[in-house]
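Quick notes on the structure that follows.
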Amino acid sequence: MGFDLGLLLFGKMGSSSALGNSEYSSIVSMNLFVALLCACIVIGHLLEENRWMNESITALVIGLCTGVVILLVSGGTSSHLLVFSEDLFFIYLLPPIIFNAGFQVKKKQFFRNFMTIVLFGAVGTVISFTIISFGAIKIFKKMNIGTLELGDYLAIGAIFSATDSVCTLQVLNQDQTPLLYSLVFGEGVVNDATSVVIFNAVQNFDLSQITTTVILQLIGNFFYLFISSTLLGAGAGLLSAYIIKKLYFGRHSTDREVAIMILMAYLSYMLAELFYLSGILTVFFCGIVMSHYTWHNVTEKSRVTTKHAFATLSFIAELFIFLYVGMDALDLEKWTFVKDSPGTSVEVSAILLGMVLVGRAAFVFPLSFLSNLTKKAHQEKIDFRQQVLIWWAGLMRGAVSMALAYNQFTKEGHTTQQGNAIMITSTITVVLFSTMVFGLITQPLVRLLLPAPKTLNRMISSEPTTPKSFLVPLLGNGQDSELDLDQNVPRPSSLRMLLSTPSHTVHYYWRKFDNAFMRPVFGGRGFVPFIPGSPTEQSVHQSTHNLIEEETS
């Protein structure tokens with residue numbers, strides 16, 4: 001499915017010789033799309049204080065309104081400025097979003113709950129896939145929705161078991177609800193990878209002969225993909241840290257430091273795709289490793305630049321996705337096939353939503369119970385209110401589901417069969433409904449079930465937006481911040497207490513290994529870049545280095 005800028009709205013309006021030119025129509029369309037992105041940012045800013053709205057929903061609504069306008073202008077023939085492409089989504093839009101999430105994630109919370117995240121993301125996705133696929137086979141075969149094969153029903157299970165990590169970033173705040181954020185978003189990353197693995201398996205395996213050997217092969221493929229993707233991402237992050245530490249680009253140009261970080265992150269994603277691994281997992285763990293090592297090896301100017309560059313790229317990509325999904329929802333080609341039976345399309349959408357609700361509940365509550373059995377501390381257990389929020393916040397379906405649905409049920413961007421068209425339109429309906437309805441209710445539900453103390457609200461509102469996770473050791477305590485180091489402010493006493501009497505946990509042993517072997521080779525927190533001929537810079541870095549040595553000794 002190609003990304004053809006010539007197949008745009010203004011290609012239809014051929015009465016004008018200028019707009020009849022494909023290249024010029026592409027420029028016009030891109031101008032309009034960029035203008036819409038600007039409108040999403042402005043309107044999203046004006047609605048920032050609204051407790052119900054977020055920028056993803058704002059972009060969806062603007063996309064829907066724009067689609068209506070384009071339909072009217074084009075005489076009801078198109079609702080697009082751009083033609084949807086899986087390549088556009090998976091290769092250009094998804095990597096910056098996932099990388100920035102890994103770059104800014106609170107590593108302490110993520111790795112403390114790593115086994116629970118993998119349990120939800122892998123085992124939970126398989127449970128959800130099984131329930132949705134079984135329900136689709138039993139229910140849709142009895143309905144008149146066209147010809148669908150066994151592979152299509154199983155693909156439906158993979159498509160609708162994929163949660164939307166992008167929506168999670170929009171509706172949850174990792175400062176207000178760190179446990180909830182780390183569990184839902186971390187699960188979403190693993191979930192997306194698992195869904196893609198299952199989807200590819202459905203397409204590649206002979207489904208008429210499912211044996212124990214095939215099932216074991218699928219399980220083995222998942223573990224291979226998960227471990228290989230993680231190692232590739234971590235390796236790319238460590239390589240970038242080693243290169244910058246040894247060559248120290250900032251001595252001559254901070255632009256080189258920024259460029260090597262951006263390009264190495266993107267290279268890790270493309271290498272994963274090249275070797276048929278999970279680019280989502282790879283770039284996510286590359287972001288985590290880069291924030292722990294590489295980011296601390298560059299100059300202060302490069303730190304500020306990279307932090308805002310990654311966040312900006314991620315922000316624009318998110319808006320792009322939701323804006324396009326809103327416009328794509330009004331594509332008449334898909335709806336033409338279901339206009340004679342709109343009730344059937346609505347019924348299929350409702351059934352799919354119901355199966356998504358049941359499939360998620362079937363693993364969130366039982367797996368939370370199992371996870372709680374392994375935790376001794378009461379504050380680390382997932383209580384029932386948190387389980388309800390985890391269940392609800394993961395109900396949103398988004399661009400990953402759309403991309404997989406297009407892959408399975410369209411050919412070169414076009415739908416030619418009634419059954420395929422119904423599944424595409426039902427997917428669009430589920431994505432719009434779950435994003436707008438579930439997304440709108442998530443924040444108020446969080447405030448209702450997990451009300452934040454007033455003191456915490458004041459702290460969050462007064463804190464700078466600089467993520468603290470950049471200075472947090474990979475499995476560290478999470479109490480210190482870059483701001484403290486830059487201004488030579490003494491650290492909290494709780495940090496000294498923790499370091500003076502460490503508990504012998506995986507955190508403790510990792511910190512020892514990290515300090516003894518990893519940081520001397522790859523740099524990271526405590527590495528002091530030396531800038532010749534800059535006494536002021538040397539003095540500041542040396543005092544910072546001494547402070548860190550005192551805290552970690």
Side-chain angles (χ1 to χ4, degrees), residues 50-58 60 101 109-110 113 116-117 119-129 131-132 135 157 159-192 194-195 318 322 325 349-372 381-401 427 429-452:
N50 190 301
R51 64 186 299 176
W52 294 92
M53 295 294 289
N54 59 63
E55 276 161 333
S56 63
I57 297 175
T58 302
L60 270 177
Q109 283 288 346
F110 180 81
N113 299 288
T116 304
I117 288 170
L119 193 66
F120 282 171
V123 179
T125 303
V126 172
I127 294 173
S128 179
F129 161 77
I131 291 175
I132 295 174
I159 291 167
F160 289 98
S161 62
T163 60
D164 189 8
S165 304
V166 180
C167 275
T168 303
L169 295 172
Q170 292 283 342
V171 301
L172 293 178
N173 187 306
Q174 72 170 331
D175 290 318
Q176 293 177 333
T177 54
L179 174 62
L180 192 65
Y181 180 93
S182 65
L183 286 176
V184 177
F185 175 73
E187 174 221 332
V189 173
V190 180
N191 169 284
D192 287 342
T194 308
S195 299
E318 290 173 19
F322 287 111
V325 168
S349 301
I351 291 171
L352 287 171
L353 272 171
M355 290 192 296
V356 168
L357 289 164
V358 174
R360 185 159 182 82
F363 76 81
V364 168
F365 297 104
L367 295 184
S368 296
F369 174 77
L370 292 178
S371 176
N372 288 340
K381 294 185 177 182
I382 310 171
D383 62 34
F384 182 73
R385 291 185 176 186
Q386 290 173 327
Q387 293 175 30
V388 171
L389 289 172
I390 291 171
W391 168 69
W392 184 267
L395 290 173
M396 290 174 286
R397 298 296 178 265
V400 173
S401 295
T427 302
T429 304
V430 170
V431 168
L432 289 177
F433 184 88
S434 63
T435 301
M436 298 186 71
V437 176
F438 298 155
L440 280 172
I441 298 176
T442 298
Q443 276 288 358
L445 192 63
V446 170
R447 294 189 183 97
L448 176 66
L449 296 180
L450 298 176

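- Proximity of a side-chain donor or acceptor of Gln386 to a complementary backbone N or O of Leu180 within less than 3.5 Å is not detected.
- A donor-acceptor contact shorter than 3.5 Å links the side chain of Thr194 to the backbone of Val190.
- In this structure, Leu179 CG and Asp383 CG are separated by 8.5 Å, a value rounded to the nearest 0.5 Å.
- Note on residues 354-372: pairs passing salt bridge (charged side-chain N to carboxylate O under 4.0 Å, His left out), not counting sequence neighbours, are Glu187-Arg360.
- Within the 4.5 Å cutoff, the side chain of Leu352 has no heavy atoms near those of the Phe433 side chain.
- Residues Ile131 and Ala362 share a closest heavy-atom pair of CD1-CB, 3.2 Å.
- A distance of 11.5 Å separates CD1 in Ile441 from CG in Leu448, rounded to the nearest 0.5 Å.
- A pairwise comparison of heavy atoms in Asn191 and Ala162 identifies OD1-CA, 3.2 Å as the closest pair.
- Two residues are said to be in side-chain contact when any heavy atoms from C-beta on lie closer than 4.5 Å; Phe120 and Asn113 fail this criterion.
- Two residues are said to be in side-chain contact when any heavy atoms from C-beta on lie closer than 4.5 Å; Phe160 and Thr427 meet this criterion.
- For the residue pair Thr116/Ser371, the side-chain donor-acceptor check at 3.5 Å is satisfied.
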message: Applying side chain to side chain contact (heavy atoms under 4.5 Å, CB included) to Thr435 and Arg397, what does each step give before you reach the verdict?
response: CA-CA 7 Å; Thr435 301; Arg397 298 296 178 265; over 6 Å; no
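- Under the 30°/60° scheme for interplanar angles, the aromatic rings of Trp391 and Phe365 are found to be tilted.
- Of all the heavy atoms in Ser161 and Ser128, the pair that sits closest is CB-OG, 3.7 Å.
- Nearest heavy-atom pair across Val184 and Ala393 is CG1-CB, 4.1 Å.
- Looking at every heavy atom in both residues, Val430 comes nearest to Ser349 through CG2-O, 3.9 Å.
- Side-chain N or O atoms of Asn372 include one that pairs as donor or acceptor with a backbone N or O of Ile382 at under 3.5 Å.
- Residues Val123 and Phe363 have side chains not in contact (no heavy-atom distance under 4.5 Å, counting atoms from C-beta outward).
- To the nearest 0.5 Å, the span separating CG on Leu389 from CG on Leu450 amounts to 5.0 Å.
- From Ile127, atom CD1 reaches atom CG of Leu367 across 5.0 Å, with rounding to the nearest 0.5 Å.
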task: Please step through side chain to side chain contact (heavy atoms under 4.5 Å, CB included) for the pair Thr442 and Trp392, ending with a clear verdict.
output: CA-CA 7 Å; Thr442 298; Trp392 184 267; 3.4 Å; yes
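- Rounding to the nearest 0.5 Å places CZ of Phe129 at 10.5 Å from CD1 of Ile159.
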